[in-house]
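Here the structure is laid out as C-alpha cells; the discussion comes afterwards.
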Amino acid sequence: MNIVVNGEQREADEPLTVAQLLETLHLRSEQVAVEINLKILDRGDFLNWNLHDGDKVEVLSFIGGGSPT
Amino acid sequence: MNQDPLIIAGRTFHSRLWVGTGKYQNFEETRKAIEASGADVVTVAVRRVNITDNKSENLLDYLDPKKYTILPNTAGCYTVEDAVRYSRLARAAGVSDLVKLEVIGDERTLFPDTAGLIEAAKILIAEGFVVLPYTNDDPIVAKKLVDIGCPAVMPLAAPIGSGLGIRNPYNLKIIMETVNVPVIVDAGVGTASDAALAMEYGADAVLMNTAIAGAKDPLMMATAMRYAVDAGRLAYRAGRIPRKLYATASSPIEGML
C-alpha cells in the first residue's frame with residue numbers, strides 16, 4: 001500500500017499499525033502525536049490502529065519554540 | 001521567593017520567569033540556559049518530526065517533565081482552525097491540557113489576531129483545555145479572555161523578538177488592575193531591566209525566549225533574567241517610595257555644628 005507520512009510518499013506492507021510505523025521511524029510513541037486523515041489518535045490506539053492505502057499520516061512532536069520565530 | 005508561589009488553574013509554579021526553548025544553537029545549550037534561568041515552565045512548539053534522519057534527537061530528552069511544566073504553544077498559526085488543530089495535537093503529544101494559545105494576525109508584527117484568539121479560546125475551553133492566551137496589551141480583550149474562562153492572560157510588552165521592552169506600561173497596569181487572574185508579560189523583553197520593570201509594575205510572571213537565546217552569552221543572560229525577575233517581584237511586594245520633585249534629606253539635621 002501507499003501512504004503519505006509527513007508529506008512524503010511511502011510504500012509499506014500491510015498490515016501495518018501506527019505503533020509499527022513509529023518503530024520503523026525510530027520514534028517513541030510517548031513523544032509524538034499522530035494524525036491520520038485529519039483525525040488525531042489517542043496514544044492508546046497506536047498499537048491496534050491499522051493503516052490503509054492512501055492514508056495521510058502526520059507525526060508531530062515538540063520542538064524548541066517560545067516566542068515564535 | 002518560595003513563599004510567593006504563582007498559582008494558575010490549581011497548578012503551583014515557583015519561578016516567575018518562564019522561558020521559551022527556540023533559537024538555541026542545540027539542545028544542550030537549551031537545557032543549560034533553562035537551568036540557569038531557574039524557570040519551571042518552558043514553552044515548546046509542535047511540528048512535524050524529521051522522519052528522514054533516524055538519529056535526530058527529541059527536545060523532550062533534554063527537558064525532564066518532572067522538573068518542568070511543558071507549555072506547548074500554537075506559534076505560527078494564523079487562523080482559528082489551525083490554532084485549534086495544533087492545540088489538539090499538542091495535547092495528544094504531551095500529557096496535559098495546558099496550551100499557550102497564539103492566533104497570529106500579521107507576519108511582520110506577529111501581533112495577535114485578538115478576535116480569532118477569543119474564538120479559538122472559546123472552542124478549546126469547551127474541550128477542557130487550560131488556555132493561556134498570548135494577547136495584545138488591550139485591557140478590553142484581556143477582560144473578555146478572562147470572562148470566557150482563561151485562567152491567566154499573557155499580554156505582550158512589545159512585538160515578539162523585538163527586544164523593545166515595555167512599550168505601553170500604562171495599558172499593562174490597567175490590565176493588571178482589570179483582571180483577577182495572573183498576568184504574564186509575554187514577548188518583547190530585551191534585557192534584564194525590562195523584565196524587572198514588568199515585575200515592578202505588578203506582573204505575575206514574565207515569559208521570554210529571544211532575549212535569552214539571542215544574547216551573546218545566553219547562559220549569563222538567563223542568570224541575569226532570573227535575578228531581574230526576582231528583584232522586580234521583591235520590589236513590587238516591598239512597595240516603592242512615591243516619586244517627589246524635591247529632595248528629602250536622609251541624614252538628620254540634629255547634631256550638626
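Order of the sequence lines fixes the chain letters, A, B, ..., with proteins taken first and strands second; residue numbering starts at 1 for each chain.
Using a 4.5 Å cut-off between heavy atoms, B:A90 contacts chain A through both its backbone and its side chain. Heavy atoms closer than 4.5 Å to chain A are found in both the backbone and the side chain of B:R85. In this structure, the portion of A:L27 lying under 4.5 Å from any heavy atom of chain B is its side chain and not its backbone. When heavy atoms are compared at a cutoff of 4.5 Å, A:E30 approaches chain B solely by way of its backbone atoms N, CA, C and O. Both the backbone and the side chain of B:D61 come within less than 4.5 Å of a heavy atom of chain A. Using a 4.5 Å cut-off between heavy atoms, B:I70 touches chain A through its side chain atoms alone. Both the backbone and the side chain of A:Q31 come within less than 4.5 Å of a heavy atom of chain B.
Annotation: A:D13, atom CG; neighbour count of heavy atoms from other residues, nucleotides and ligands within 6.0 Å does not exceed 12. Summarising the local packing, CE of A:M1 is surrounded by more than 12 heavy atoms from other residues, nucleotides or ligands at distances under 6.0 Å. More than 12 heavy atoms of other shown residues, nucleotides or ligands fall within 6.0 angstrom of atom CD in A:E14. The local environment of CD in B:E28 is crowded, with over 12 non-hydrogen atoms from other residues, nucleotides or ligands closer than 6.0 Å.
Scanning all heavy atoms of the two residues, the minimum distance from A:I40 to B:A92 falls at CG2-CB, 3.5 Å.
In terms of modelled atom types and a separation under 3.5 Å, the side chain of A:N6 and the main chain of B:V49 share a donor-acceptor contact.
In terms of non-hydrogen atom pairs under 4.5 Å with chain A, the most contact-rich of B:T30, B:N58, B:V42 is B:N58.
For the atom pair CG of B:L89 and CZ of A:F62, the computed distance is 9.5 Å after rounding to the nearest 0.5 Å. Distance check, rounded to the nearest 0.5 Å: CD of A:E35 to CZ of B:R48 gives 9.5 Å. To the nearest 0.5 Å, atoms CD1 (A:I63) and CG (B:L60) are separated by 11.5 Å.
With contacts defined as side-chain heavy-atom distances shorter than 4.5 Å, the pair B:I51/A:E8 qualifies.
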